[in-house]
2 protein chains.
Amino acid sequence: MTRPIPPATVERLPLYLRCLEDLAPDREQISSRDLAALAHVTAAKVRKDLACLGTYGVRGKGYAVQRLRFEIRFALGLTREWGVVVVGAGNLGRALAGYAGFPGSGFAVVGLFDADPGVVGTPVGGLTVEPVDRLPDVAGDEGAAIGVIATPASSAQEAADRLVAAGICSILNFAPTLISVPEGVEVRPVDLSSELRVLSFHLHRSASDGAPSRGQPCDDPSSSSDS
Amino acid sequence: MTRPIPPATVERLPLYLRCLEDLAPDREQISSRDLAALAHVTAAKVRKDLACLGTYGVRGKGYAVQRLRFEIRFALGLTREWGVVVVGAGNLGRALAGYAGFPGSGFAVVGLFDADPGVVGTPVGGLTVEPVDRLPDVAGDEGAAIGVIATPASSAQEAADRLVAAGICSILNFAPTLISVPEGVEVRPVDLSSELRVLSFHLHRSASDGAPSRGQPCDDPSSSSDS
DNA sequence: ACATGTGAAGCGCTTCACAGCG
DNA sequence: CGCTGTGAAGCGCTTCACATGT
């Protein structure tokens, strides 16, 4: 039951959870097919993924929504709250600080830091921007477990070093650069520019395949796809 | 040479390109091993990926940096500039508008929209926030090809519908919800809350495996990993 | 009859190992 | 000799099909 969950499944569990959370409150059961439609995946995938949790659905009926929500939260470690610190208090950092810590999310932003003295002291949501030097203190006192890097690329490695030094070993990196960290520290890059470039690839490709137009090979306001 | 490039390779090309762009200007050659170290991947992967481009390296020497940069840009469709419109002018939207359109990126933000009349008219960078109703006009006039959704989840589907109606078929969705679009429209979700939840999974897991501490199983300030 | 759980087949990506070329 | 380009093996994920259970 607590067999190693495949990475691909771990990446989808948050998706299922969000679909389940958005469900009507009176919905008690859901089939793999219906959940698959909501999550934009296949039903077989849903069943295989959920089977990893040791959560048993009911044959002929489906899964108990409430139970399923709990099982996924449990598997993801969302039965407790994790402290998050954000480094970089520009627009992005401020957006992420508000975005991440909403009540009930399982995450609480406990610190927002910036290297620029001109920004330090600014109130953001319920927090005040602090100097990066205070990172170790805050992270330690508040028991922060996750760090978010929202600095320019040029400061990202330094931010990562500070986070690691403060005992944080899970990092979300929004800066458009790779960072190096000691073994045992997990970094997940989130990169706008790379995403745009991948979109560019597909635009470029479909522009070449037939349609000679300027990059809008779709003129088909047809079916709103799945459900 | 223009054989279908595997999706996994497409996702890595922007990474290689960024590494090449960050290289010292006088660097003329680079081996697959060195590029692999910079990109945090394996050398075999680099060679297989680059072979897809029909870009030939020089045996015994490596790849010509300049040439390689051009080939990757070409493959990604970055030899021209793509117009980008951003829907949602909160902190996130403003951050993305500045982030995406910097000169030389291959992208130009041509419009920033918001449904809130209180925000419309605000200057952001070189742009002014416009009402969403103007989206079709601006997207048409400026030839925008990519849309970025930076609205709350509750408005994301509507934003997507407006983008599609305006003829845009490549969407980057930063809202924490799935959106449905007609076939032929590509959507890439970028989701902070899911990323945090995946990090939570790993924290949770390593906290269970041995270390009884509060979620910081790493106390190992050892090697700064690879190269 | 309906929907889950699961072996097995299918498929793509990664890794290996080395031939080939500069 | 060094490094690329590439078949082949290895591995994981997805899909299929159906036995199983209600």
Side-chain angles (χ1 to χ4, degrees), chain A residues 1-16 19-20 23 27-69 71-72 75 198 201-202 226-227, chain B residues 1-16 19-20 23 27-69 71-72 75 198 201-202 226-227:
Chain A
M1 81 178 200
T2 311
R3 187 175 21 204
I5 303 178
T9 296
V10 173
E11 306 250 325
R12 276 189 300 267
L13 288 179
L15 174 61
Y16 300 146
C19 292
L20 293 170
L23 233 42
R27 180 73 174 263
E28 291 188 358
Q29 299 278 333
I30 190 167
S31 68
S32 62
R33 175 168 20 181
D34 290 354
L35 182 51
L38 290 174
H40 295 194
V41 298
T42 66
K45 221 179 255 186
V46 170
R47 290 201 299 276
K48 265 250 154 74
D49 286 340
L50 297 185
C52 292
L53 304 184
T55 295
Y56 299 137
V58 183
R59 309 198 182 213
K61 299 196 68 180
Y63 300 86
V65 174
Q66 195 112 15
R67 170 85 189 279
L68 199 47
R69 276 199 288 248
E71 293 292 347
I72 296 179
V198 174
F201 170 82
H202 293 287
D226 39 64
S227 144
Chain B
M1 83 178 201
T2 311
R3 187 175 22 205
I5 304 178
T9 295
V10 173
E11 306 249 324
R12 276 188 300 267
L13 289 178
L15 174 61
Y16 301 146
C19 292
L20 292 169
L23 232 42
R27 179 74 172 264
E28 291 187 358
Q29 298 278 332
I30 190 167
S31 67
S32 62
R33 174 167 21 179
D34 291 353
L35 182 51
L38 290 174
H40 294 194
V41 298
T42 66
K45 221 179 254 184
V46 170
R47 289 201 300 275
K48 265 249 154 75
D49 286 341
L50 296 186
C52 292
L53 304 184
T55 294
Y56 299 137
V58 183
R59 308 197 184 214
K61 299 195 68 179
Y63 301 86
V65 173
Q66 195 111 14
R67 169 87 189 278
L68 199 47
R69 276 197 289 248
E71 293 292 347
I72 297 179
V198 173
F201 170 82
H202 293 287
D226 40 64
S227 148

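Letters A, B, ... mirror the listed sequences (proteins, then strands); counts begin at 1.
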With respect to the side chain of B:T42, which nucleotide from D:dT14, D:dC3, C:dT15 is positioned closest? C:dT15

Please give, in whole Å, the distance from C:dG5 P to A:K61 NZ? 14 Å

Distance in angstrom units between A:L68 CG and C:dA3 P, rounded: 16 Å

For B:Q29, I'd like to know if atom CD has over 12 heavy atoms of other residues, nucleotides or ligands within 6.0 Å. yes

Note, A:R69 side chain near A:Q66 side chain (heavy atom, < 4.5 Å): yes

Report the nucleotide, chosen from C:dT14, D:dC13, D:dT15, that has the shortest atom-to-atom distance to any side-chain atom of A:K45. D:dT15

Residue pair B:L20 / B:L38, side-chain heavy-atom distance below 4.5 Å: no

Partners meeting salt bridge (charged side-chain N to carboxylate O under 4.0 Å, His left out) with B:R12 (sequence neighbours left out): B:D49

List every contact pair, protein side and nucleotides 5-7 of chain D side both N or O, where the distance is under 3.5 Å.
residue: D:dG5; atom: OP1; partner: B:G57; partner atom: N; Å: 2.5
residue: D:dG5; atom: OP2; partner: B:Y63; partner atom: OH; Å: 2.7
residue: D:dG5; atom: O4'; partner: B:R59; partner atom: NH2; Å: 3.1
residue: D:dG5; atom: N7; partner: B:R47; partner atom: NE; Å: 3.0
residue: D:dG5; atom: O6; partner: B:R47; partner atom: NH2; Å: 3.1
residue: D:dG7; atom: O6; partner: B:K48; partner atom: NZ; Å: 3.0

Do the non-hydrogen side-chain atoms of B:V65 and B:L68 ever get within less than 4.5 Å of each other? no

What is the distance, to the nearest angstrom, from the CG atom on B:D49 to the P atom on D:dT4? 13 Å

Could you state the CZ-P distance from B:R33 to D:dT4, rounded to the nearest angstrom? 9 Å

OP1 or OP2 of C:dT4 versus the side-chain N and O atoms of A:S32: is any pair under 4.0 Å? yes

Does the side chain of B:Y16 reach to within under 4.5 Å of the side chain of B:V41, using non-hydrogen atoms? yes

Specify the separation, in whole Å, of atom CZ of B:R12 and atom C1' of C:dT15. 12 Å

Rounded to the nearest angstrom, tell me the gap between atom CZ in A:R67 and atom C1' in C:dT4. 14 Å

Report the distance from atom CD of B:Q29 to atom P of C:dG22, rounded to the nearest whole Å. 14 Å

Regarding the side chain of B:P6, the nearest nucleotide among C:dT4, C:dC13, C:dT14 is C:dC13

Are there over 12 heavy-atom neighbours, none belonging to A:R33, within less than 6.0 Å of that residue's CZ? no

Quick check: on DNA chain D, is the nucleotide nearest A:G60 upstream (toward 5') of the one nearest A:T9, or the reverse? Name the residue that is more 5'. A:T9

